[in-house]
Amino acid sequence: MMKTQNPLITFLLILSLSFISSTAVADEYEIEHIQGDIYRFIDDRHRSVFLVTNEGIVLTDPLNPKAATWLKAEIKRLFNVPIKYVIYSHNHSDHIYGAKVFDDPDTVFIAHELAAQDIKITKADTVIPDVTFKDDMLISLGGHTIELRYHGPNDGRGSISMLFQPEKLLFIVDWIVIGRMPWQKLWSYDIQGMINSTQQVLDLDFDTFVGGHADIGNKFDVQRYLNYLQDLYDAVINGIHEGKSLDEIKKSVQLENYSDLKQFDQWLPLNIEGVHERLMEESGMGWRPDIK
């Protein structure tokens, strides 16, 4: 079992991390302590998390080469324990292209089988995972466990949830975003798949939510995000059935209950356009005989 950290050491470490944040303004990199032995790494609008134990570190998305180089040096300086595992959240390059910085014979790279397949087929410039899984996988290290789960299609290929125990912290990238609107036109998103996947993760035992973008939240925030997706989806579907054009749907759909979310005014029309495009093309509503 992992030894309990001395409170004074924890305090000094947090002060040290705060100092790092203030001196790394040029690159806007930041490491912040979240809870227990889990830390969040911030590179501008991207986030990843890592778990520190006396047996080594479990690192999630290594982002990009420049950010990963900075992070590797800081982890070495602050903790001086080896990187045992690197876990990819999914296949998108903006989250996993820093992996080569951590490539080492003693480091195991893990991803869902669909993410690994896409990385190989598309010849992505990153480390090919050593270990893959289909439905779920459990990693144990230093008295902690990380539960990896695939919830079906949602964003990209092989996008998974990562539940850290005993911290009850859930890390998900791209298909759940807290405190901010979903990304613009919802490129690469499977909207119904996102709804399905988010419904599933709400059944998991977590208290803290950390996303690959935007804010830290809790289960209530994840439920509110799901409510937004469902309300958005329903509003666009209803508008199509009413025979409205895309421009008419944009004007009529307000969703003011979510106006506090960052980028609401700028991205609501784009969210509507993205949902409309997927319904008309991918769901086939555009050529259904019951749709005017």
Side-chain angles (χ1 to χ4, degrees), residues 61 88-96 111-124 132 134-135 149-161 172-178 180-203 211-214 222-255 258 261 263-264 266-292:
D61 290 348
Y88 294 164
S89 64
H90 64 313
N91 67 315
H92 285 170
S93 61
D94 57 328
H95 293 277
I96 65 171
H112 186 265
E113 61 183 18
L114 293 179
Q117 178 189 57
D118 186 79
I119 288 167
K120 292 177 185 178
I121 290 175
T122 64
K123 301 177 183 179
T132 65
K134 183 177 182 179
D135 298 316
R149 291 181 177 85
Y150 179 61
H151 302 275
N154 40 59
D155 177 67
R157 297 286 187 184
S159 188
I160 62 173
S161 68
I172 288 175
V173 177
D174 284 355
W175 51 276
I176 297 179
V177 184
I178 299 301
R180 194 204 75 189
M181 295 285 281
W183 177 252
Q184 297 190 6
K185 277 187 64 177
L186 313 179
W187 290 288
S188 84
Y189 286 170
D190 178 329
I191 313 302
Q192 185 59 63
M194 291 165 65
I195 291 171
N196 296 343
S197 297
T198 306
Q199 288 172 333
Q200 289 180 28
V201 301
L202 281 167
D203 291 332
H213 299 281
V222 175
Q223 179 64 62
R224 185 166 187 248
Y225 169 82
L226 173 61
N227 294 345
Y228 170 76
L229 287 182
Q230 292 174 318
D231 289 348
L232 172 69
Y233 207 45
D234 290 345
V236 178
I237 290 172
N238 290 337
I240 292 172
H241 276 285
E242 291 165 5
K244 294 179 179 178
S245 68
L246 174 57
D247 285 341
E248 289 172 333
I249 294 173
K250 285 182 178 180
K251 291 177 182 177
S252 63
V253 174
Q254 302 296 318
L255 300 181
Y258 307 98
L261 297 176
Q263 306 297 331
F264 178 82
Q266 300 93 322
W267 289 2
L268 177 59
L270 295 174
N271 278 193
I272 293 169
E273 185 175 344
V275 170
H276 185 273
E277 182 177 294
R278 281 152 185 77
L279 286 168
M280 298 299 281
E281 297 179 6
E282 296 171 13
S283 295
M285 291 187 77
W287 59 86
R288 273 173 40 179
D290 58 318
I291 303 295
K292 296 180 182 180

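One is the number of the first residue; the rest follow in order along the sequence.
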Can you tell if the side chain of D135 reaches within under 4.5 Å of the side chain of R149, non-hydrogen atoms only?
no
Partner of H151 by side-chain hydrogen bond (donor to acceptor under 3.5 Å, both in side chains), out of S197, S161, S159
S161
Evaluate the side-chain proximity of Y228 to P182: yes if any heavy-atom separation is below 4.5 Å, no if none is.
yes
Measure the CG-CD distance between L270 and Q263 for me, rounded to the nearest 0.5 Å.
10.0 Å
Which atom names give the shortest non-hydrogen contact between I96 and I119, and what distance separates them?
CD1-CD1, 3.7 Å
Report the distance from atom CH2 of W183 to atom OH of Y189, rounding to the nearest 0.5 Å.
9.0 Å
Sidechain-backbone polar pair: R278 side chain, G274 backbone, donor-acceptor under 3.5 Å
yes
Answer yes or no: is there a side-chain heavy-atom contact under 4.5 Å between L261 and R180?
no
Looking only at heavy atoms, what is the nearest atom pair of K244 and S252, with distance?
NZ-OG, 3.4 Å
Is the closest side-chain heavy-atom distance between S188 and H92 below 4.5 Å?
yes
Hits for side chain to side chain contact (heavy atoms under 4.5 Å, CB included) against E113, two or more places apart or cross-chain, chain-then-number order -> T132, K134
Can you list the steps and then say if Q192 with E282 is a side chain to side chain contact (heavy atoms under 4.5 Å, CB included)?
CA-CA 11 Å; Q192 185 59 63; E282 296 171 13; over 6 Å; no
In this structure, CG of D61 is separated from CG of D174 (nearest 0.5 Å) by 8.5 Å
Test Q230 against Q199 for side chain to side chain contact (heavy atoms under 4.5 Å, CB included), laying out the working first.
CA-CA 11 Å; Q230 292 174 318; Q199 288 172 333; 3.2 Å; yes
Please walk me through it: do Q200 and Y150 pass side chain to side chain contact (heavy atoms under 4.5 Å, CB included)?
CA-CA 10 Å; Q200 289 180 28; Y150 179 61; over 6 Å; no
R157 atom CZ: more than 12 heavy-atom contacts under 6.0 Å
no
At what distance, to the nearest 0.5 angstrom, does CG of L255 lie from CG of N227?
11.5 Å
Distance-only side-chain donor-acceptor flag, D118 / H90, under 3.5 Å:
no
E248 side chain to S245 backbone, donor-acceptor under 3.5 Å
yes
Distance, nearest 0.5 Å, that separates CG of N196 from CG of D190
8.0 Å
We want to know whether D231 and Y258 form a side-chain donor-acceptor pair, criterion being a heavy-atom distance below 3.5 angstrom.
yes
In the structure I gave you, are the side-chain heavy atoms of E273 and K250 within less than 4.5 Å of one another anywhere?
yes
Does D234 use its side chain to pair, donor to acceptor, with the backbone of L232 at less than 3.5 Å?
no
What heavy-atom pair brings F264 and Q254 nearest, and what distance separates the two atoms?
CZ-O, 3.3 Å
Let me confirm one number: the OH-CG distance from Y233 to N238, rounded to the nearest 0.5 Å.
12.0 Å
Kindly give the heavy-atom pair with the smallest separation between I249 and I240, and that separation in Å.
CD1-N, 3.9 Å
Any side-chain heavy-atom pair of H241 and I291 under 4.5 Å:
yes
With heavy-atom distances below 4.5 Å as the criterion, would you say the side chains of T198 and W175 are in contact?
yes
Least distance between heavy atoms, V236 atom then I272 atom:
CG2-CG2, 4.0 Å
Does a side-chain heavy-atom distance below 4.5 Å link V275 with N271?
no
